[in-house]
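Let me begin by presenting the structure, written as structure tokens, before commenting on it.
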Amino acid sequence: MSVVYGYLGSMKARSGHRDEVVEILTGGADGLRAAGCHLYVVGVSESDDQTIWVSEVWDSKEHHDASLQLPETRAAIARAMPMLTGEFDSHEIAVVGGLGVPVAND
């Protein structure tokens with residue numbers, strides 16, 4: 001079975017800042033495809049005004065890691081960090097298939 005790299009993460013925004021952080025996270029999404037990203041989804045809940053979830057599918061972990069070094073990514077992180085509480089959760093997964101996600105060829 002072939003796999004690609006998946007990253008599932010959540011973060012908590014300081015009270016009143018969730019929408020600003022979401023805007024930052026979604027603002028640079030267009031450039032991710034060229035970096036090897038196939039899926040980048042930012043989600044929030046109607047009943048939780050602080051938590052933000054991010055789901056990503058990449059060609060590889062190396063592509064994901066390299067994207068974190070891009071100047072535009074580093075700038076976005078720098079803008080968002082003061083609005084976050086520091087509470088993060090993340091999981092790396094092997095994506096083996098599903099609707100709308102690629103599966104690497106052997």
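For this chain, numbers begin at 1 and follow the sequence in order. Note that this is a predicted model, so its numbers are computed, not measured.
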- Query: Heavy atoms, side chains only, cut-off 4.5 Å: are L8 and V54 in contact?
  - Reply: no
- Where is the tightest heavy-atom contact between L25 and V42, given as atom of each residue plus distance? CB-CG2, 4.1 Å
- Does a sphere of radius 6.0 Å around CZ in R74 hold more than 12 heavy atoms from other residues, nucleotides or ligands, not counting ones at 6.0 Å or beyond? no
- Message: If you compare all heavy atoms of I52 against all heavy atoms of A13, which two are closest, and at what distance to 0.1 Å?
- Response: CD1-CB, 4.3 Å
- Item | Candidate list K12, M83, R79, test side-chain contact (heavy atoms from CB on, under 4.5 Å), partner V21, passing option | M83
- Results of side chain to side chain donor-acceptor pair (under 3.5 Å) for E23 - residues two or more places apart only: none
- Kindly give the heavy-atom pair with the smallest separation between R18 and T51, and that separation in Å. CD-O, 3.9 Å
- Flag the pair S10 / F88 as yes when at least one side-chain heavy-atom distance between them is below 4.5 Å, and no otherwise. no
- Under a 4.5 Å cut-off applied to non-hydrogen side-chain atoms, are Y5 and E92 in contact? yes
- Query: Got a second to check how far H38's NE2 is from L32's CG, nearest 0.5 Å?
  - Reply: 11.5 Å
- What class does the angle between the rings of H64 and W58 fall in, given that below 30° is parallel, 30 to 60° is tilted and above 60° is perpendicular? perpendicular
- Would you give the length of the straight line joining atom CD1 of I93 to atom CD of E56, rounded to the nearest 0.5 angstrom? 10.5 Å
- Message: Tell me whether E87 contacts the main-chain N or O of M11 through its side chain, where contact means a donor paired with an acceptor under 3.5 Å.
- Response: no
- Query: So, H91 versus D89: side-chain donor-acceptor pair below 3.5 Å or not?
  - Reply: yes
- Item | Heavy-atom check, side chain of W53 versus side chain of D48, under 4.5 Å | yes
- Message: When you group the ILVMFWY residues by side-chain heavy-atom contacts below 4.5 Å and let the links chain together, are Y7 and V22 in the same group?
- Response: yes
- Task: Check H63, Q69, K61 against D65 for a side-chain hydrogen bond (donor to acceptor under 3.5 Å, both in side chains) and give me the one that passes.
- Result: K61
- Query: Which atom pair, heavy atoms only, marks the closest approach of T73 to S67?
  - Reply: OG1-O, 2.9 Å
